[in-house]
Amino acid sequence: ADLSLEVLSFLAAGCVCQLACAGRSLLEACSVRGAAGRRLVMPHLQFSSQNCERWMQQVSLPHVLWLEARDMSAKAFRPLFVSLLRTGPCAVRALLSLDLRNTKLSGDASAVVAVLRSCSGLRHLNLNRTRLRDEGAELLADSLVPEDPVTGRPRPLRALRSLNLGENGLTKVSGPLVAAAALSVPTLEELFLGRNELGDETATA
């Protein structure tokens, strides 16, 4: 299974579909069996408003490594939003990169928080122009430095390298909290907060 995932990581979604249709042995190599039947293993997955519902029925989300869902309306994003909140065997847990730029979260960051909790290896998170606003940013900041369930002490994420929160309507209310949380993540190399109204408080945080 690991070898199949390594090979599939180099293929676009369309190529995976072609392989799955080429024969039974290839279908088995490109898919996993679940309660709802076989689902395709697609390490690289690009959702759009047009294909989201279809891919949700065909792809195994726990095996996705790089997920893009850009430029989607809140209505089109809803099925994926619900899936990102799942726990247990169906949870999204292997993501290395999540790109939601210009998809309308409208202040509800709960799906992103669920990903941060379940995907310990997440390296890149792009939430540019997602209408996160202060409420969503504060929720996100808390998830960057979660509390250790055993010791009760802050336990920063250990894999995140880049975080883009540009153009999200953030203000000085959430700015200092986001900046402090981001600075606590030891692996973070890039933090983009441009085109927000953050004020001087964030600059000195």
Side-chain angles (χ1 to χ4, degrees), residues 45 47 52 56 61-171 173-193 196 198 202 205:
L45 188 56
F47 281 112
C52 184
M56 292 294 299
L61 287 179
H63 291 84
V64 177
L65 302 180
W66 297 274
L67 177 59
E68 295 180 11
R70 305 177 186 175
D71 305 307
M72 296 178 65
S73 66
K75 181 179 179 180
F77 181 68
R78 187 65 188 174
L80 179 57
F81 181 95
V82 172
S83 294
L84 293 176
L85 291 173
R86 289 177 182 167
T87 58
C90 295
V92 176
R93 57 179 179 271
L95 282 182
L96 300 177
S97 176
L98 178 61
D99 186 348
L100 300 180
R101 74 184 77 171
N102 208 34
T103 285
K104 306 302 181 284
L105 300 181
S106 299
D108 191 346
S110 53
V112 178
V113 170
V115 168
L116 288 172
R117 289 174 177 170
S118 60
C119 300
S120 59
L122 188 71
R123 300 173 186 172
H124 307 287
L125 179 58
N126 192 331
L127 300 177
N128 187 68
R129 298 183 66 188
T130 53
R131 298 183 183 177
L132 201 60
R133 302 193 179 96
D134 286 329
E135 181 180 358
E138 290 176 352
L139 188 62
L140 179 66
D142 288 339
S143 66
L144 292 178
V145 191
E147 195 175 86
D148 189 300
V150 177
T151 65
R153 297 176 180 176
R155 186 181 59 184
L157 299 181
R158 296 291 179 180
L160 192 65
R161 297 178 183 175
S162 66
L163 176 61
N164 189 331
L165 301 177
E167 295 187 72
N168 269 300
L170 309 187
T171 71
V173 173
S174 65
L177 181 62
V178 170
L183 289 173
S184 299
V185 179
T187 54
L188 194 67
E189 300 171 353
E190 299 178 4
L191 173 63
F192 184 75
L193 295 171
N196 288 296
L198 298 174
T202 303

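In this chain, numbering begins with 1 at the start of the sequence shown. Basis for what follows: all heavy atoms, side chains included, without hydrogens, waters or symmetry-related copies.
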Would you confirm whether [X], through its side chain, and [Y], through its main-chain N or O, come within 3.5 Å as a donor-acceptor pair?
X      : Y      : answer
Thr171 : Leu198 : no
Arg93  : Pro89  : yes
Ser174 : Leu170 : no

Closest contact, heavy atoms only, [X] versus [Y]:
X      : Y      : answer
Pro154 : Val145 : CB-CG1, 3.6 Å
Phe47  : Met72  : CB-SD, 4.1 Å
Gly169 : Asn196 : N-OD1, 3.1 Å
Leu122 : Ser97  : CD1-N, 3.7 Å
Ala159 : Thr187 : C-OG1, 3.3 Å
Ala69  : Thr103 : O-OG1, 2.5 Å

Spatial distance of atom [atom1] ([X]) from atom [atom2] ([Y]) [nearest 0.5 Å]:
X      : Y      : atom1 : atom2 : result
Lys75  : Lys104 : NZ    : NZ    : 15.5 Å
Asn128 : Asp99  : CG    : CG    : 9.0 Å
Leu188 : Leu183 : CG    : CG    : 8.0 Å
Asn102 : Asp71  : CG    : CG    : 4.5 Å
Ser110 : Leu84  : OG    : CG    : 9.5 Å
Leu67  : Leu96  : CG    : CG    : 11.5 Å

Arg131 atom CZ, over 12 foreign heavy atoms within 6.0 Å:
no
With heavy-atom distances below 4.5 Å as the criterion, would you say the side chains of [X] and [Y] are in contact?
X      : Y      : value
Trp66  : Leu98  : no
Leu127 : Asn164 : no
Met56  : Ser83  : yes
Leu95  : Val115 : yes
Val112 : Leu132 : no

Give a yes-or-no answer on whether the side chains of Asn168 and Thr130 include a donor-acceptor pair shorter than 3.5 Å.
yes
Starting from the C-alpha separation in whole Å, work towards a yes-or-no answer on side-chain contact (heavy atoms from CB on, under 4.5 Å) for Asn126 and Leu100.
CA-CA 6 Å; Asn126 192 331; Leu100 300 180; over 6 Å; no
Walk me through whether Arg161 and Arg123 qualify under side-chain contact (heavy atoms from CB on, under 4.5 Å).
CA-CA 5 Å; Arg161 297 178 183 175; Arg123 300 173 186 172; 4.2 Å; yes
Please test Val92 against Val64 for side-chain contact (heavy atoms from CB on, under 4.5 Å), starting from the C-alpha separation and ending with a verdict.
CA-CA 8 Å; Val92 176; Val64 177; 5.9 Å; no
Evaluate the side-chain contact (heavy atoms from CB on, under 4.5 Å) criterion for residues Glu147 and Arg153: first the C-alpha distance (whole Å), next the side-chain angles of each, then the deciding distance (0.1 Å), finally the verdict.
CA-CA 5 Å; Glu147 195 175 86; Arg153 297 176 180 176; over 6 Å; no
Are the charged groups of Arg133 and Glu135 less than 4.0 angstrom apart, N to O?
no
Under the side-chain contact (heavy atoms from CB on, under 4.5 Å) test against Leu157, which residue among Leu125, Leu116, Leu163 passes?
Leu116
